[in-house]
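Note sheet for the following structure.
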Amino acid sequence: MNYGSYGHLLFERREHGVLLITLNRPEVYNAADEAMHSQLARVWTDVARDDQARVAVITGAGKAFSAGGDLAMVQRMAGDYDRTTRMLSEMSDLVYNMVNCDKPIVSAINGVAVGAGLVVALLADISICAAEARLGDGHVKLGAAAGDHAAMIWPLLCGMAKARYYLLTGEMVDGVEAERIGLVIKLLPREEVLGEALRVADTLATGSQLAIRLTKRAMNSWLRTAGPIFDQSAAYEMLTFMGPDLAEGAAALREKRPPKFA
């Protein structure tokens, strides 16, 4: 498998079939523009077809995992029907391609993870997080419905009460709280996160591949069952991209002021 077309992702093959994938826009904290978002959506089908890869580990270059959607991309999408409909399809590809990838995915959350970055961080089969990291789904603060992945998986990870609270308020959590409520499985100092993720990946890569992949397939039936919830939330998010609140939220973020929603 040749990953040469992925301009915003770095790939490193390690022992036993472990494939390390690094989000690589450190100058903007690995924020996802249109190109990176597209690459994140399709890479999992290539990983699934890669005969040399047994496990994928994904992390971020520099201090962040991913600062979410690039603000300039968000502003280009606001009110643009063609862009939002394309994004709706791509959002679905990102979520379902991760769910349906037969190989285990381990996320090494080395710093802030929001937006599209949080999708990848939390939909990974095993998520290992830095204590200093900050995680959150801030869609509502931007004037958008919480789509992407959150309505699908947050209630399964941390329970309905906490999912409602964090998704309705848009509050962030640090790594300690994320581990306490069940959003991530393991908490470590930042400098140990990637090493532990690679250790776990090596364990998976040297285990029974059929047993591990079929276990993942069975477990992810919970996510497939929640598919209609995700589809609804994604459609609602794109609907709000067509309204005035999203434009105001994006402008307020760029101008570093509180938004004035109607």
Side-chain angles (χ1 to χ4, degrees), residues 2-14 19-44 46-47 56-78 80 83 86-87 90-91 93-94 98 105-124 127-139 141-142 144 148-149 170 172-175 178 184 188-195 197-198 241 246-247 249-257:
N2 185 346
Y3 295 101
S5 64
Y6 290 89
H8 290 317
L9 304 177
L10 298 178
F11 297 85
E12 179 186 347
R13 294 194 185 275
R14 302 178 70 95
L19 179 66
L20 175 60
I21 306 171
T22 303
L23 284 68
N24 191 39
R25 296 186 77 209
E27 70 281 2
V28 289
Y29 300 100
N30 303 317
D33 60 5
E34 288 91 342
M36 178 182 273
H37 196 280
S38 175
Q39 291 168 28
L40 283 173
R42 64 186 171 90
V43 69
W44 309 109
D46 283 344
V47 170
V57 175
I58 186 158
T59 193
K63 296 180 179 180
F65 186 83
S66 173
D70 186 274
L71 183 57
M73 178 184 73
V74 170
Q75 291 189 302
R76 285 191 290 270
M77 287 176 57
D80 188 314
R83 288 180 186 269
R86 284 196 299 272
M87 181 58 70
E90 197 167 276
M91 288 165 59
D93 289 343
L94 172 55
M98 289 194 74
I105 302 167
V106 181
S107 61
I109 309 170
N110 55 306
V112 65
V114 297
L118 191 63
V119 177
V120 176
L122 297 188
L123 281 178
S127 50
I128 297 169
C129 187
E132 306 92 324
R134 298 183 72 240
L135 288 67
D137 190 303
H139 280 84
K141 289 188 173 182
L142 189 62
D148 285 346
H149 70 302
M172 302 278 283
V173 297
D174 61 18
V184 300
L188 290 168
R190 184 197 303 270
E191 63 272 14
E192 298 178 22
V193 167
L194 181 57
L198 291 169
F241 263 73
L246 189 284
L253 187 60
R254 180 173 292 280
E255 296 164 15
K256 298 181 180 179
R257 61 171 175 81

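Being a predicted model, the structure only gives us computed values, none of them experimental.
Looking only at side-chain heavy atoms (C-beta outward), Tyr3 and Leu19 come within less than 4.5 Å of each other. No side-chain heavy atom of His37 sits less than 4.5 Å from a side-chain heavy atom of Glu34. Side chains of Asp148 and His139 form a contact here, defined as non-hydrogen atoms less than 4.5 Å apart. The shortest distance between side-chain heavy atoms of Val106 and Leu198 does not fall below 4.5 Å. Taking 4.5 Å as the limit, every side-chain heavy atom of Trp44 sits out of range of all side-chain heavy atoms of Asp93. With a 4.5 Å cut-off on side-chain heavy atoms, Val120 and Ser107 do not count as touching. Looking at Arg14 and Val57, their side chains never come closer than 4.5 Å, going by heavy atoms from C-beta outward. A 4.5 Å side-chain heavy-atom check between Asn30 and Arg25 finds at least one atom pair inside the cut-off.
Of the inter-residue distances, the one linking Phe11 atom CZ with Asn2 atom CG reads 10.0 Å to the nearest 0.5 angstrom. A distance of 4.0 Å separates CG of Leu10 from CG of Asn24, quoted to the nearest 0.5 Å. Separating the CZ atom in Arg76 from the CG atom in Asp33 is a distance of 7.5 Å, to the nearest 0.5 Å. Here CZ of Arg254 is found 4.5 Å from CD of Gln75. Values are rounded to the nearest 0.5 Å. From Arg86, atom CZ reaches atom CE of Met77 across 9.5 Å, with rounding to the nearest 0.5 Å. Atom CD of Glu132 and atom NZ of Lys63 lie 11.5 Å apart (nearest 0.5 Å).
Tested against Phe65, the residues Ile58, Val114, Leu135 include a single side chain to side chain contact (heavy atoms under 4.5 Å, CB included) partner, Ile58.
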- Please test Val74 against Leu246 for side chain to side chain contact (heavy atoms under 4.5 Å, CB included), starting from the C-alpha separation and ending with a verdict. CA-CA 9 Å; Val74 170; Leu246 189 284; 4.0 Å; yes

- Task: Any chance you could lay out the side chain to side chain contact (heavy atoms under 4.5 Å, CB included) test for Ile109 and Val193, step after step, and finish with the verdict?
- Result: CA-CA 7 Å; Ile109 309 170; Val193 167; 5.6 Å; no

- Item | Intermediate values then yes/no, side chain to side chain contact (heavy atoms under 4.5 Å, CB included), Leu194 and Leu20 | CA-CA 10 Å; Leu194 181 57; Leu20 175 60; 3.9 Å; yes

- Message: Ile21 vs Tyr6, test: side chain to side chain contact (heavy atoms under 4.5 Å, CB included). Steps then yes/no.
- Response: CA-CA 10 Å; Ile21 306 171; Tyr6 290 89; over 6 Å; no

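Considering every non-hydrogen atom in both Gln39 and Leu9, the closest pair reads OE1-N, 3.7 Å. The shortest non-hydrogen separation linking Gly175 to Cys129 is CA-SG, 4.0 Å. The minimum heavy-atom distance linking Thr22 with Ala61 is given by the pair CG2-N, 3.5 Å. Shown here for Ala64 and Val112, the closest heavy-atom pair between the two residues is CB-CG1, 3.6 Å. Across all non-hydrogen atoms, the minimal contact from Val47 to Ala56 is CG1-CB, 4.2 Å.
Shown here are the side-chain hydrogen bond (donor to acceptor under 3.5 Å, both in side chains) partners of His149, two or more places apart in sequence or in another chain: Trp154.
Atom CZ of Arg134 has 12 or fewer heavy atoms from other residues, nucleotides or ligands within 6.0 Å. At most 12 heavy atoms of other shown residues, nucleotides or ligands fall within 6.0 angstrom of atom OH in Tyr29.
When atom types are taken as modelled, the side chain of Asn110 and the backbone of Gly62 share a donor-acceptor pair closer than 3.5 angstrom.
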